[in-house]
Amino acid sequence: MPEFHVVAGETVREVLSGKRSEVLDIVREAYRTHEAGRSVNPDSYFLRFPEKPDSRIIALPAYLGDDVQLAGIKWIASFPRNTESGRPRASAVLVLNDYETGYPIACLEAANISAARTAASAALAARTLRPTGFDGTRIAVVGGGVIARNICDYLEAAGCAPESYVVHDLHKESGDALVGHLRGAHGRTASFTPDLADALEAETVVFATTALEPYVSTQFKPGQLVLNVSLRDLTPETVLAADNILDDVDHCLKANTSPHLAEQLTGSRDFVTGTLAGVLNGEVTLTGERPVIFSPFGLGVLDLAVGAYVLGQARAEGSAIAVPNFFGETSRW
């Protein structure tokens, strides 16, 4: 029988904090495996609550082949009101299943895994979609939460080092906290702005908010890169005026994301330029004549890839907690 392990959040954080370059490589290869069809990534399933329309719990089942050979599911809750009492918005677990037998082999705290794979995806896109680099430019971060902090950490790890950062958040204390992190952890020039329009002038704009519907109708300029991580900040008209790179076309054009609204408005997917894996593989090229928007829906295969790595590291270091007699029956008869 397979052993069953639990990996606690502290262990997950310790593994990931020192391995950002490795996680970037893992996410890149997971995208390529998925693009090649050696994965299964069904639709995410949303549990919503009539009395809490801003809250949800999402199930992301997936299978990833190649070197991972695991199935699993991430169960992630997003309750934005948690931030009012100082708690993180998101909490999650990841269950990994052995592909040969189907047996579950581990349960990992996964809010950190989810944040890492999301941030690594954004940083990988930034490095790939701005090949001229970030010297002398500004990066604006709209939203000052956990995901924004992780994105900034991964941008630094990916070598996407700008001249300065500017942070905008409706909650000034959150924005100031991210500014302090950028200054203290990375030694960067960073400032808070209460003016969204000022932030939107930056060469690279990162959206990491909890917005439920579009509020940004700005037409970005040629050469600007927009990391549309929170997916619902941009009006469909803004999306249609740019080159659009997605992580997965079918997944991203669902659930009233900004690209999905653009599809509904036009009745077509012609505005989609391609996928990030397509750019990585040299199959999709960008002209530079329009702004570029990267919209990642967030694929369960990325959670599997990063979770498998964390589990392997935790087992090797002896910090994964084995659960004796987890399986009630160990033989058929």
Side-chain angles (χ1 to χ4, degrees), residues 31 34-35 41-46 48 53-54 56 58 60 78 118 121-126 128-130 139-143 147-148 151 168 196-197 199-281 283-302:
Y31 272 138
H34 178 67
E35 186 87 352
N41 202 109
D43 287 345
S44 302
Y45 297 89
F46 288 73
R48 299 186 183 276
D54 62 338
R56 62 190 186 271
I58 312 172
L60 288 82
S78 174
T118 300
S121 168
L124 177 65
T128 304
L129 301 176
R130 184 181 283 283
I139 294 179
V141 184
V142 181
I147 295 298
I151 290 172
H168 171 79
L196 176 61
L200 299 183
E201 289 293 322
E203 288 85 353
T204 302
V205 182
V206 181
F207 287 96
T209 75
T210 57
L212 298 176
E213 57 186 27
Y215 59 94
V216 174
S217 57
T218 299
Q219 300 297 300
F220 292 102
K221 301 172 185 175
Q224 276 187 289
L225 173 62
V226 179
L227 303 179
N228 182 32
V229 178
S230 41
L231 285 175
R232 293 173 177 84
D233 303 79
L234 309 178
T235 63
E237 292 81 7
T238 297
V239 171
L240 293 171
D243 286 334
N244 287 276
I245 301 297
L246 314 182
D247 57 353
D248 180 286
V249 177
D250 289 333
H251 283 81
C252 200
L253 298 183
K254 287 186 174 72
N256 286 332
T257 64
S258 294
H260 187 207
L261 295 178
E263 180 190 30
Q264 293 176 55
L265 181 65
T266 62
S268 168
R269 296 184 172 185
D270 291 346
F271 66 92
V272 177
T273 310
T275 64
L276 181 59
V279 179
L280 289 167
N281 293 336
E283 299 162 355
V284 175
T285 57
L286 298 166
T287 64
E289 297 174 357
R290 282 154 54 99
V292 177
I293 298 175
F294 174 61
S295 299
F297 192 76
L299 301 177
V301 293
L302 301 185

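With a 4.5 Å cut-off on side-chain heavy atoms, T287 and D243 count as touching. Taking the side chain as every heavy atom from C-beta outward, L234 and V226 approach each other to under 4.5 Å. At a threshold of 4.5 Å between non-hydrogen side-chain atoms, the residues V142 and V216 do not count as touching. Taking 4.5 Å as the limit, every side-chain heavy atom of R130 sits out of range of all side-chain heavy atoms of V292. Put simply, the side chain of L265 does not reach to within 4.5 Å of the side chain of V239, judged on heavy atoms.
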Take V272 and E263 through the test side-chain contact (heavy atoms from CB on, under 4.5 Å) and record every step on the way to the result. CA-CA 9 Å; V272 177; E263 180 190 30; over 6 Å; no
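Residues L227 and A122 approach most closely at CD1-O, 3.7 Å, considering heavy atoms. Taking each heavy atom of G288 and P222 in turn, the nearest pair found is O-CB, 4.1 Å. Of all heavy-atom pairs between S217 and T235, the closest is CA-OG1, 3.6 Å. Summarising the geometry of P259 relative to L246, their closest heavy-atom pair is CG-CD2, 4.3 Å, with the distance given to 0.1 Å. The heavy-atom pair separating V205 from A199 by the smallest distance is CG2-O, 3.9 Å. Scanning both residues, T273 and V284, for their nearest heavy atoms gives O-CG1, 3.8 Å.
With values rounded to the nearest 0.5 angstrom, Q219 atom CD is found 11.5 Å from L200 atom CG. Atom-to-atom distance recorded for L253:CG and F297:CZ is 10.0 Å, nearest 0.5 angstrom. Note that CG of L240 and CG of D270 are 10.5 Å apart. Values are rounded to the nearest 0.5 Å. Distance CG/L196 to OH/Y215: 6.0 Å, rounded to 0.5 Å. One distance of note links CG of L276 with NE2 of H34; it measures 11.5 Å at 0.5 Å rounding. Distance check, rounded to the nearest 0.5 Å: CZ of F294 to OG1 of T204 gives 13.5 Å.
Using modelled atom types, no side-chain atom of R232 and backbone atom of T210 make a donor-acceptor pair closer than 3.5 Å. In terms of modelled atom types and a separation under 3.5 Å, the side chain of S78 and the main chain of R56 share no donor-acceptor contact. Counting only distance, with no hydrogens or angles, the side chain of T257 and the backbone of C252 share a donor-acceptor pair below 3.5 Å. The backbone N or O of F207 sits less than 3.5 Å from a side-chain atom of S230, completing a donor-acceptor pair. Between the Q224 side chain and the A202 main chain, a donor and an acceptor come within less than 3.5 Å of each other. A distance-only check finds no donor-acceptor pair linking the side chain of R269 to the backbone of V249 [under 3.5 Å]. At distances below 3.5 Å, not a single donor-acceptor pair connects side-chain atoms of D233 with backbone N or O atoms of N228. S258 contributes a side-chain N or O that, together with a main-chain N or O of L231, makes up a donor-acceptor pair within less than 3.5 Å. The main-chain N or O of D248 is never found under 3.5 Å from a side-chain atom of T275 such that the two would form a donor-acceptor pair.
Counting heavy atoms of neighbouring residues, nucleotides and ligands inside a 6.0 Å radius, atom NZ of K221 does not exceed 12 of them.
Side-chain N/O atoms of H251 and N41 include a donor and acceptor closer than 3.5 Å.
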